[in-house]
Amino acid sequence: MYRLIYKSRSNSKIGWSSVNKIIESSEAYNKDSNITGVLLATETHFLQVIEGDFDEVNRLFMRIARDPRHDEIQIISFGCVDGRLFGGWAMHGIGIFDFNAELIRDLVSQYGEEEGSVRFPVQDWRVLGLINDLRVI
Ligand SMILES: Cc1cc2nc3c(=O)[nH]c(=O)nc-3n(C[C@H](O)[C@H](O)[C@H](O)COP(=O)(O)O)c2cc1C
């Protein structure tokens with residue numbers, strides 16, 4: 001089992017419609033490929049965790065990296081792991097947008113600010129901490 005985490009910058013303002021579009025179009029592919037994970041989005045950035053077999057994670061990441069909807073892709077980590085953290089989700093979307101002003105303030109105080117929202121961290125342990133913070137809300 002392998003896990004890859006990357007951060008990228010969107011080429012247009014992200015909202016729920018763009019997140020949902022990605023999630024909906026990912027479902028069949030991820031299920032067929034036995035991929036699970038989570039996709040976080042602010043209005044400007046994506047952060048995604050992809051889990052699965054070595055070949056499948058590589059194949060999907062190469063597709064995603066070619067997607068013109070984002071660039072400035074930075075791999076945060078890629079490695080062999082004991083098991084899945086997101087086994088229940090083909091791809092779970094979490095949007096951190098305007099209407100969550102109080103939540104964004106809390107996250108910014110903890111993780112820092114980037115372009116008006118929470119700065120997605122570039123250390124894998126902090127990414128997992130952020131996802132954990134979001135899941136308990
Ligand atoms: C931020 C982001 C995350 C994505 N995540 C996935 C994903 O988990 N699974 C998936 O099949 N496609 C995902 N996509 C879509 C792929 O990049 C691509 O559009 C899709 O796989 C179709 O590829 P194709 O046009 O080469 O057939 C994502 C796109 C973006 C911008």
Side-chain angles (χ1 to χ4, degrees):
M1 180 62 46
Y2 281 74
R3 182 179 306 127
L4 184 149
I5 306 178
Y6 76 86
K7 172 180 177 176
S8 66
R9 190 169 192 290
S10 179
N11 284 326
S12 58
K13 187 173 171 182
I14 310 168
W16 271 116
S17 65
S18 32
V19 172
N20 287 337
K21 216 165 162 186
I22 294 171
I23 297 297
E24 276 162 25
S25 70
S26 298
E27 200 161 32
Y29 181 93
N30 291 8
K31 273 197 181 133
D32 284 352
S33 317
N34 225 346
I35 295 274
T36 54
V38 60
L39 175 67
L40 266 54
T42 60
E43 283 178 354
T44 56
H45 286 79
F46 294 110
L47 189 150
Q48 190 171 21
V49 181
I50 302 168
E51 303 172 330
D53 290 346
F54 180 81
D55 287 345
E56 299 293 1
V57 171
N58 267 288
R59 195 169 297 135
L60 175 59
F61 178 69
M62 294 313 289
R63 283 159 67 103
I64 294 172
R66 280 195 297 267
D67 196 307
R69 285 172 285 190
H70 62 169
D71 55 23
E72 298 178 28
I73 295 170
Q74 296 176 307
I75 294 173
I76 293 171
S77 66
F78 176 51
C80 189
V81 291
D82 286 339
R84 294 178 194 268
L85 289 174
F86 306 99
W89 295 318
M91 192 50 65
H92 183 58
I94 300 178
I96 308 169
F97 302 124
D98 269 353
F99 58 87
N100 288 324
E102 202 178 318
L103 166 65
I104 292 173
R105 265 198 306 277
D106 282 354
L107 294 173
V108 165
S109 70
Q110 218 179 317
Y111 295 94
E113 188 267 346
E114 183 167 40
E115 297 189 53
S117 190
V118 57
R119 173 181 288 275
F120 285 145
V122 292
Q123 301 83 9
D124 57 354
W125 59 275
R126 292 192 87 207
V127 169
L128 298 179
L130 170 62
I131 292 168
N132 203 47
D133 289 348
L134 291 166
R135 281 166 70 183
V136 296
I137 288 163

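For ligands, and for the atoms within them, numbers begin at 1 and follow the listed sequence. FYI, the numbering just counts along the sequence from 1.
- Rounding to the nearest 0.5 angstrom, the gap separating the OG atom in S10 from the CD atom in E115 is 10.0 Å.
- For residues 64-73, the pairs satisfying side-chain hydrogen bond (donor to acceptor under 3.5 Å, both in side chains) are S8-H70, D67-R69, with sequence neighbours left out.
- Rounding to the nearest 0.5 Å gives a distance of 7.0 Å between CZ of F86 and CZ of R3.
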Contact table, ligand 1 N/O with protein N/O, distance under 3.5 Å:
unit_1, atom_1, unit_2, atom_2, d
ligand 1, 5 (N), Q48, NE2, 3.1
ligand 1, 8 (O), N30, ND2, 3.1
ligand 1, 8 (O), Q48, NE2, 3.1
ligand 1, 9 (N), S26, OG, 3.1
ligand 1, 9 (N), N30, OD1, 2.8
ligand 1, 12 (N), S26, OG, 3.4
ligand 1, 17 (O), D67, OD2, 2.7
ligand 1, 19 (O), D67, OD2, 3.0
ligand 1, 19 (O), R69, NH2, 3.3
ligand 1, 21 (O), R63, NE, 3.1
ligand 1, 21 (O), R63, NH2, 2.8
ligand 1, 23 (O), R63, NH2, 3.4

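- Not one N or O on the side chain of S33 forms a donor-acceptor pair closer than 3.5 Å with the backbone of N30.
- The CD1 atom of I35 sits 10.5 Å away from the OG atom of S26 when rounded to the nearest 0.5 Å.
- L39 places a side-chain heavy atom less than 4.5 Å from the side chain of F46.
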